[in-house]
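Here the structure is laid out as structure tokens; the discussion comes afterwards.
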Amino acid sequence: MALSPDRLDRFARHIVLPEVGGVGQVALAEAHVVLIGCGGIGSPALQYLAAAGVGRLTLIDDDVVDLSNLQRQTVFAEADLGRPKAQAAADWVARFDAALECKAVVGRITADNAAELLAGADLVLDGCDNFATRLAVSDACVRLGIPLTSAAVGRFQGQVANFAGHLEGQSCYRCFVGDAFDAEDCDTCAADGVLGALVGMMGAFAAMQAIRVILAGKTELGDPQWGRLHLFEGLVPSLRTMKIAKDPDCRGCSGEA
Ligand SMILES: [Zn+2]
């Protein structure tokens with residue numbers, strides 16, 4: 001793929017970075033990212049992935065835009081209230097950059113339909129709000145050999161990690177959280193609250209980590225940092241990183257799934 005003169009202009013600030021460059025920009029343009037959840041994490045992640053020129057986006061969300069979402073879900077406006085989030089978010093992408101291919105899937109991803117919905121993705125970015133979906137998505141990514149950028153928030157804390165449980169010796173999201181949450185559908189935001197700006201940081205952080213995966217093996221920024229969980233504490237701002245070890249008994253990535 002060759003970038004047209006207007007695309008070279010549009011992405012000039014990326015291309016001038018030696019760690020991205022023209023090679024990286026082409027890799028972004030050729031990438032297909034599936035976003036799970038167009039909410040607080042998905043909105044800014046989507047905005048920065050689209051702004052970065054990720055050529056194909058699939059947006060999966062079964063929810064509709066509610067007034068209480070506007071405190072943090074930055075792609076939506078009052079005119080979107082009551083509309084399916086995936087469709088409203090896809091409309092935002094179409095307005096933002098007509099050159100990007102964007103598909104909205106209004107529905108919930110589950111263990112039963114994950115293979116079909118994720119097929120052909122280069123990366124899945126999961127910013128959904130419940131463990132059952134996160135685990136189903138993680139298991140599907142391992143089975144399909146797709147890298148996963150996982151992001152989650154609660155109150156003043158956020159976490160972001162890249163997983164590649166399909167690769168030898170690399171952990172998956174299930175190695176991190178275990179099996180206890182499969183049946184649990186806990187949207188803790190509603191009960192516990194969450195600071196909008198913190199969600200925005202984690203969504204943008206997830207987009208950055210996703211870009212590392214897309215550039216892996218192509219440019220210097222392409223270090224996916226598999227299995228490294230970055231934990232951000234927002235009350236007294238601090239970031240720490242921990243390595244998620246592969247669980248030899250994990251039913252997601254150790255051959256028994
Ligand atoms: Zn695992």
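Because only heavy atoms are used, hydrogens play no part in the values below, and waters and symmetry mates are left out as well, while side chains stay in. In each ligand, atom 1 is the first atom listed, and ligand 1 is the first ligand listed. For clarity, every value in this text was computed on a predicted model and none was experimentally measured.
- The aromatic rings of Tyr173 and Phe176 stand perpendicular to each other, their planes meeting at an angle above 60°, with 30° marking the opposite boundary.
- By the 4.5 Å heavy-atom criterion applied to side chains, Cys38 and Phe76 are counted as neighbours.
- Excluding waters, the protein N/O/S atoms found under 2.8 Å from the Zn ion (ligand 1) are Cys172 SG, Cys175 SG, Cys250 SG, Cys253 SG.
- Ion pairing of Arg56 with Asp122 is absent here, as no side-chain N (NZ or NE/NH1/NH2) approaches a carboxylate O to less than 4.0 Å.
- If you check the side chains of Asp112 and Thr110, you find no donor sitting under 3.5 Å from an acceptor.
- Here Asp63 pairs with Lys85 under the salt bridge (Lys or Arg N to Asp or Glu O under 4.0 Å) rule; sequence neighbours left out.
- Distance check: Thr58 OG1 to Leu118 CG gives 9.0 Å after rounding to the nearest 0.5 Å.
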